[in-house]
Every structure is written in structure tokens, then in C-alpha cells.
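The structure appears below as C-alpha cells.
Here is how names work: the chains are called A, B, and so on, in the same order as the sequence lines, proteins then strands, and each is numbered from 1.
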There are 2 protein chains.
Amino acid sequence: MAQASPSIALDAFDLAILNILQRDNSTPQRVIGEAVNLSAPAVQRRIRRMEEARVIQANVAVVDPAQVGQPITIFVEVEVISETAELIDAAKREFASVPEVQQCYYVTGEADFVMVIVVPTMTAYEALTRRLFFGNNNVKRFRTFVAMDRVKVGLAVPLSD
Amino acid sequence: MAQASPSIALDAFDLAILNILQRDNSTPQRVIGEAVNLSAPAVQRRIRRMEEARVIQANVAVVDPAQVGQPITIFVEVEVISETAELIDAAKREFASVPEVQQCYYVTGEADFVMVIVVPTMTAYEALTRRLFFGNNNVKRFRTFVAMDRVKVGLAVPLSD
DNA sequence: TACCGAATGCAAGAATATTTCGCGTGAAGA
DNA sequence: TCTTCACGCGAAATATTCTTGCATTCGGTA
């Protein structure tokens with residue numbers, strides 16, 4: 001796999017390859033090569049280089065939550081009481097360690113954390129809030145937004161190409 | 001690739017396979033087979049079945065935004081004026097069509113939409129708000145949360161296994 | 001008991017990925 | 001200007017992985 005991670009320079013070829021891979025990374029290198037006007041080995045070298053530099057952070061399958069018994073997606077804003085570095089780091093570690101917390105960001109503004117949570121039932125969510133928020137002395141309050149429609153979901157980054 | 005999408009039953013083997021693919025879909029089927037106690041062809045048939053049923057919605061590379069010149073991630077809550085079906089659908093289509101909008105959910109609660117936006121600069125974000133929010137008569141107000149730290153990012157669904 | 005459908009493992013064949021090698025290009029220095 | 005060197009390329013050979021056909025096994029059912 002990949003290890004090192006010094007920033008590297010990317011040219012138009014690399015961006016074009018990334019644009020394909022972030023939509024479908026099962027695309028054969030030969031096909032990618034035809035699309036960007038490079039040979040398959042050239043494509044493969046560039047991909048490996050970007051994986052080693054962690055430009056490509058992972059290669060993953062996207063699973064439909066509804067079809068695996070986790071039909072509820074919830075947005076939560078969390079406001080903490082104290083923003084000392086220690087307490088914030090502790091909160092980051094705790095939130096990140098919870099499988100139901102699919103995404104978590106530490107943010108500026110009226111809230112301190114925003115997160116995306118995936119659960120099977122509202123009961124499960126209620127239990128999670130009890131453990132994660134009510135059970136944390138540093139959580140001042142939190143606001144819940146239940147998703148009715150996943151209008152757009154993905155991790156694709158807009159690339160200039 | 002995949003086409004149909006009737007819901008299908010998943011057993012413990014399928015969930016175990018999904019759990020591996022969610023983390024690294026470049027794992028050889030032979031290795032997956034060893035991990036879940038199945039032969040490689042059995043694994044492959046199950047994967048194909050789940051792709052056809054859209055349990056696996058996509059296979060994608062995850063790109064580091066910072067390394068491709070898009071270092072700013074922003075959370076936005078949007079509140080609309082009118083919630084008629086037509087206007088909501090129009091908003092969904094518009095938001096979904098914008099490349100900078102990485103994720104968008106239609107939600108209950110104090111806001112109507114929440115979204116994740118990826119941009120290269122705050123100037124670019126300001127221009128986007130002008131076009132997307134100030135330029136939309138149905139947007140009552142929006143609140144911005146700038147991410148200081150991407151504590152946890154991914155699309156992995158918690159699987160019971 | 002006998003049958004039938006579904007899923008499996010094995011093994012062969014096809015497709016894909018990876019390595020190797022030699023060539024051309026462009027930059028730095030004599 | 002010439003030489004050298006580093007870099008990235010493509011073509012071909014090699015290795016790995018994926019895919020398919022087939023016989024078998026395991027349950028459920030008449």
C-alpha cells in the first residue's frame with residue numbers, strides 16, 4: 001500500500017485520473033489511459049505515486065445504509081462548555097471512535113462540532129445521545145436534524161481539470 | 001456494472017464482506033475469502049449480487065481535498081421560505097448539481113437543508129453563497145460553519161456483523 | 001425416500017495489473 | 001555546443017487477479 005506523505009506536485013494528467021477514480025475506482029487502467037491519453041503503465045505509476053503521497057487516501061465501497069438496516073441519517077451540532085485543547089482533543093477522540101458517527105468536523109461558529117450519524121432506529125439514536133452527549137460533562141447542548149432525503153452523498157472533491 | 005435494485009437479504013457473510021470493502025475495496029477476493037471463510041468465487045458472486053442490488057452503490061477513491069487545492073470544508077444550514085414540493089425539489093436539484101456541494105441532506109428541524117461544501121478559498125465560498133443563497137429567492141437565511149479539523153471523514157456504515 | 005433449488009469449491013481460462021527494459025526529452029554543467 | 005543525467009514514457013513480458021463452467025453438497029419439501 002502507501003506509507004510516506006510528502007506533498008507532491010500534480011499535473012493535469014493526475015487530476016484527470018483522480019476525477020475518474022473518485023467516481024469509479026474499478027475503471028481499468030487501460031480505459032483510464034485511453035481517456036487521458038496515457039499508457040496503462042503510466043496511469044498505474046501515477047496512481048501509485050498519489051497513493052504513497054496520500055493524495056488518494058483510501059479506496060472504498062460505498063454502501064447503501066438503508067439496505068443494511070441503518071436507514072436513519074442524522075445531523076448533529078454540538079456546543080461544548082470549555083474549549084481547552086485537552087477537552088477538545090478528548091472530545092475528538094471520543095466522537096471519532098464511535099462507529100455510528102460517520103463524519104465529524106470541529107468547526108467555528110455557533111457550534112463546535114458538527115457530525116453525521118447513521119443509526120437503525122430513533123431509539124438507537126436516543127441511546128447514543130444519552131451516552132455521547134448527556135453523558136459528557138463538557139457538552140453544553142446539541143441540536144438534531146433528521147435527514148428526510150439524502151439529496152447528494154459522496155466524498156468527491158471538485159477538481160479544476 | 002450493476003443495474004437492477006430490488007432489496008435483497010444479506011447474511012453474516014455479506015456483512016463481513018461489506019465491512020472489508022468499506023475500508024478497502026482493493027482487497028483481493030482471495031484474501032476476503034480467507035477472512036470470511038469462503039472461496040474467492042463465492043466472494044465474487046456475493047459482491048456482484050450486492051452491486052446489482054445497489055447495496056454497494058459505488059466504488060470510489062477518496063481524495064485528500066487539501067492536496068488538490070481545495071483545503072476549505074464548510075458546513076452550511078439553509079432555511080427556506082416556502083416548503084412547497086415544487087420549490088423543495090427545485091432546490092434539491094440545484095444544490096445537487098453544484099460540484100462544490102459535496103453532500104446535501106434535506107432535513108427536519110430548525111433548518112431545511114444541511115450541506116458540506118468544499119472550496120479552495122473563502123473568496124470562492126463567498127462567491128458561491130452569492131450565487132446559491134443570495135441569488136435564490138426562496139432562501140430565507142443560512143448559517144456557516146467553517147471546519148478547522150476534519151475529525152472523522154468517510155461514508156462507512158456501522159455494520160452489526 | 002427422492003427431488004429440487006440454491007450456494008459452494010475446484011480448476012481452467014480470460015482479463016487485468018505489475019514489472020522490466022530501452023528510448024526520448026529536457027535541464028544543468030563543462 | 002556538447003555531454004551527462006534524471007525523469008517519464010511506451011512496448012512487451014510476467015504475475016496476479018478475476019471470471020466462468022461444472023460437479024457436489026446442503027436444506028427444505030412433496
Side-chain angles (χ1 to χ4, degrees), chain A residues 1-64 67-69 159-161, chain B residues 1-64 67-69 159-161:
Chain A
M1 264 269 126
Q3 274 300 342
S5 67
S7 279
I8 60 173
L10 304 177
D11 61 16
F13 285 119
D14 294 311
L15 293 180
I17 292 170
L18 287 178
N19 238 341
I20 294 172
L21 292 182
Q22 69 176 349
R23 296 206 293 116
D24 181 5
N25 72 358
S26 68
T27 310
Q29 295 171 348
R30 177 181 48 81
V31 175
I32 298 174
E34 289 164 6
V36 304
N37 274 350
L38 279 175
S39 70
V43 171
Q44 130 89 333
R45 282 187 287 260
R46 286 168 178 269
I47 291 174
R48 191 151 59 99
R49 180 166 150 268
M50 292 192 284
E51 283 177 344
E52 285 168 359
R54 294 285 186 198
V55 174
I56 296 174
Q57 299 184 311
N59 287 285
V60 303
V62 180
V63 175
D64 180 357
Q67 291 209 54
V68 292
L159 296 180
S160 325
D161 37 312
Chain B
M1 263 269 122
Q3 274 298 343
S5 66
S7 278
I8 60 172
L10 304 178
D11 61 17
F13 284 120
D14 294 311
L15 294 180
I17 293 170
L18 286 178
N19 239 341
I20 293 172
L21 293 181
Q22 273 197 136
R23 297 207 299 115
D24 182 4
N25 72 358
S26 67
T27 310
Q29 296 169 349
R30 176 181 49 80
V31 175
I32 298 174
E34 289 164 7
V36 305
N37 274 351
L38 279 175
S39 69
V43 171
Q44 129 87 339
R45 283 186 283 259
R46 285 167 178 271
I47 292 174
R48 190 154 55 99
R49 179 164 150 272
M50 292 192 284
E51 283 177 343
E52 285 169 358
R54 293 288 186 196
V55 174
I56 296 174
Q57 298 184 312
N59 288 285
V60 303
V62 180
V63 175
D64 181 358
Q67 291 210 54
V68 292
L159 296 180
S160 324
D161 37 313

Which nucleotide sits closest to the side chain of [X]: [options]?
| X | options | result |
| --- | --- | --- |
| R46(B) | dT8(C), dG9(C), dA11(D) | dT8(C) |
| Q29(A) | dT18(C), dT16(C), dC18(D) | dT18(C) |
| P41(B) | dT16(C), dC10(C), dT19(C) | dC10(C) |
| A42(B) | dG9(C), dT19(C), dA17(C) | dG9(C) |

Can you check the [X] [atom1] to [N] [atom2] distance for me, whole Å?
| X | N | atom1 | atom2 | result |
| --- | --- | --- | --- | --- |
| R48(A) | dT18(C) | CZ | P | 8 Å |
| Q44(A) | dT14(D) | CD | P | 18 Å |
| I32(B) | dG9(C) | CD1 | C1' | 17 Å |
| L38(A) | dA11(D) | CG | P | 12 Å |
| N25(A) | dT16(C) | CG | P | 15 Å |
| R49(B) | dC18(D) | CZ | P | 19 Å |
| R30(B) | dG9(C) | CZ | C1' | 16 Å |
| N37(A) | dG8(D) | CG | P | 19 Å |

- Message: Walk me through whether L38(A) and R46(A) qualify under side chain to side chain contact (heavy atoms under 4.5 Å, CB included).
- Response: CA-CA 10 Å; L38(A) 279 175; R46(A) 286 168 178 269; 3.6 Å; yes
- Would you check, one step at a time, whether the test side chain to side chain contact (heavy atoms under 4.5 Å, CB included) holds for I56(B) with R49(B)? CA-CA 9 Å; I56(B) 296 174; R49(B) 179 164 150 272; over 6 Å; no
- Message: Between N25(B) and N25(A), do the side chains contain a donor N or O and an acceptor N or O under 3.5 Å apart?
- Response: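 Side chains of N25(A) and N25(B): pair found under 3.5 Å.
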- Message: For the CD atom of Q67(A) and the CD1 atom of I8(B), what is their distance to the nearest 0.5 Å?
- Response: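 Answer rounded to 0.5 Å: 6.5 Å.
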